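Working notes, structure below.
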Amino acid sequence: MKRLISLCAMFAMFALMYAQNIRNFTPGQIWKDTKGVHINAHGGGMLLHKNTYYWFGEHKVEGGIGNTAQVGVHCYSSKDLYNWVDEGIALQVSDDSISDIQRGCILERPKVIYNSRTKKFVMWFHLELKGKGYTSARAGIAVADKVTGPYTFVCSTRATPGSYPVNVKELSTDTKKLFVRDLNGGQMVRDQQLFVDDDGKAYHIFASEDNSTLHIAELTDTYLGYTGKYVRVFENRYMEAPAIFKKDGLYYFVGSGCTGWAPNAARSAAAPSIWGPWVELGNPCVGEGADKTFQSQSTYILPVQGMKNAFIYMGDRWTPSNPIDGRYVWLPIQFEENKFEIEWQDEWNLDFFRR
Ligand code: GAL
């Protein structure tokens with residue numbers, strides 16, 4: 001009987017531990033899923049589907065090897081943005097040596113969007129073929145019928161082969177070299193983002209031309225490829241980690257400088273159209289730690305459902321010596337006229353937007 005009672009007590013203790021109800025964001029701290037395991041979705045993005053948020057990100061493992069893809073893309077779901085259910089691996093790396101997404105490749109910054117026309121979930125990510133460092137600079141594309149997957153790898157590609165940008169006249173002589181080098185084979189794709197506009201058109205935003213210049217490229221109606229229409233933006237500014245959001249008809253951009261895993265000062269910009277002109281607004285971060293984006297790098301800007309002017313900056317605090325320990329820095333975006341600010345918070349919740 002005694003044994004039974006202590007077993008019951010243990011069970012109750014575990015149940016309590018697992019049923020923890022998180023009510024605040026604590027940027028930079030360990031963030032446990034509903035099973036009590038630190039969330040493993042780095043360089044992530046978010047999809048809101050049927051009133052549930054789905055967080056997709058790089059599954060990292062321990063040690064230096066964790067900077068390559070050993071598992072795939074991890075998915076979590078949540079109704080409230082604080083408590084996350086582990087939905088498992090949405091896209092698995094492959095053990096087939098001829099696959100582009102062979103275990104040991106570099107698969108970064110996955111983003112998923114839903115195509116209401118084809119009823120498919122479409123994932124894009126930055127792909128570096130196994131054993132080639134960061135020289136492949138390709139976009140990977142995968143597709144699924146169900147939001148949590150399994151996602152099937154479709155192909156990998158360079159961007160917009162053979163196409164000239166809409167703003168071709170702005171091509172300066174010093175960047176022409178890189179651009180022309182990749183014109184026929186396709187432009188480089190490194191840090192990347194997807195953005196779906198109100199009219200359902202989707203765009204791929206990525207660091208290109210050896211990271212010197214970002215491209216914004218329109219996707220086809222299926223979201224599985226490029227139409228060939230694109231612009232080059234922030235020429236020679238070496239911007240990475242791009243994220244785009246839209247508020248009151250204006251487009252906003254958040255990104256970083258180009259210093260690898262080490263944090264640097266964030267960048268921001270605004271434009272009246274996705275095609276530009278993009279005007280830089282400087283570092284959106286304010287206060288102590290602003291010069292290093294509070295030890296983080298942007299990965300996504302999340303519009304909060306059902307709240308006006310509520311956008312969350314999602315960033316990664318990378319730990320390349322032990323990637324699985326990477327932390328998440330989520331902070332509220334605060335608007336000032338036509339620009340915005342990001343300020344550190346030790347702890348906060350969505351009530352912030354009701355103030
Ligand atoms: C960062 C980039 C990461 C990863 C890293 C590798 O600048 O944002 O996604 O590619 O470099 O050093």
Side-chain angles (χ1 to χ4, degrees), residues 39-46 55-61 63-74 91 93 100-101 104-112 123-140 156 158-159 187-194 204-215 233-234 236-244 253-268 283-285 291-301 313-330:
I39 293 170
N40 198 337
H42 309 267
M46 201 66 81
W55 178 355
F56 295 87
E58 304 159 34
H59 179 105
K60 303 269 197 189
V61 301
I65 197 174
N67 294 311
T68 60
Q70 297 299 318
V71 178
V73 176
H74 209 133
L91 174 70
V93 292
D100 284 1
I101 58 164
C105 68
I106 294 173
L107 193 169
E108 293 179 338
R109 299 184 176 273
K111 305 288 178 282
V112 174
M123 180 189 289
W124 283 63
F125 49 89
H126 165 202
L127 177 70
E128 298 290 349
L129 303 175
K130 186 177 177 180
K132 299 200 162 148
Y134 277 86
T135 57
S136 308
R138 299 176 77 80
S156 83
R158 279 283 184 98
Q187 301 293 336
M188 295 174 104
V189 177
R190 291 222 181 99
D191 280 10
Q192 61 112 45
Q193 184 65 250
L194 294 175
H204 190 211
I205 302 99
F206 51 93
S208 196
E209 302 176 38
D210 285 344
N211 291 340
S212 64
T213 299
L214 282 175
H215 288 197
V233 291
F234 312 124
N236 255 336
R237 290 284 289 137
Y238 286 86
M239 294 209 189
E240 287 196 313
I244 282 186
F253 166 90
V254 184
S256 73
C258 192
T259 54
W261 301 114
N264 53 53
R267 314 272 180 92
S268 69
N283 183 355
C285 299
D291 58 332
K292 294 277 188 294
T293 318
F294 316 109
Q295 304 295 319
S296 75
Q297 188 183 27
S298 44
T299 187
Y300 196 77
I301 302 294
Y313 161 85
M314 288 170 58
D316 291 284
R317 187 172 287 177
W318 304 111
T319 51
S321 58
N322 190 24
I324 194 172
D325 193 33
R327 307 295 171 85
Y328 311 102
V329 173
W330 286 22

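Being a predicted model, the structure only gives us computed values, none of them experimental. Start at 1 with the first residue, then count along the sequence. Order of listing sets the numbers, starting from 1, for every ligand and every atom in it.
Side-chain contact between V71 and N40 is absent, with no heavy-atom pair separated by less than 4.5 Å.
Under the side-chain contact (heavy atoms from CB on, under 4.5 Å) rule, D316 has a single partner from E58, H42, Q295, which is H42.
Among the atoms of T259, none of the N or O lies under 3.5 angstrom from an N or O of ligand 1. Considering backbone and side-chain N/O atoms, W318 never comes within less than 3.5 Å of an N/O atom of ligand 1. Ligand 1 has no N or O atom lying under 3.5 Å from any N or O atom of H126, backbone or side chain.
Using cut-offs of 30° and 60° on the angle between ring planes, the pair H126 and Y134 is tilted. Taking the six-membered ring where the residue is Trp, F253 and F234 present tilted rings, their angle falling between 30° and 60°.
Which parts of ligand 1 touch G260 is read off a 4.0 Å heavy-atom cut-off, strictly below it: atoms 1 (C), 7 (O), 11 (O), 12 (O).
Under 4.0 Å from ligand 1, not a single heavy atom of R190 appears.
With distances taken over non-hydrogen atoms, the option nearest atom 2 (C) of ligand 1 out of N67, D191, I106 is D191.
Of the protein's non-hydrogen atoms, the one nearest atom 9 (O) of ligand 1 is R109 NE, 3.0 Å. Nearest to atom 7 (O) of ligand 1 among the protein's heavy atoms is E240 OE1, 2.4 Å. For atom 10 (O) of ligand 1, the closest heavy atom belonging to the protein is E108 OE1, 2.7 Å.
Salt bridge annotation for R190-E128: present, with a cationic side-chain nitrogen under 4.0 angstrom from a carboxylate oxygen.
Listed here is the closest heavy atom pair of E108 and F125: O-CB, 3.6 Å.
At most 12 heavy atoms of other shown residues, nucleotides or ligands fall within 6.0 angstrom of atom CD1 in I65.
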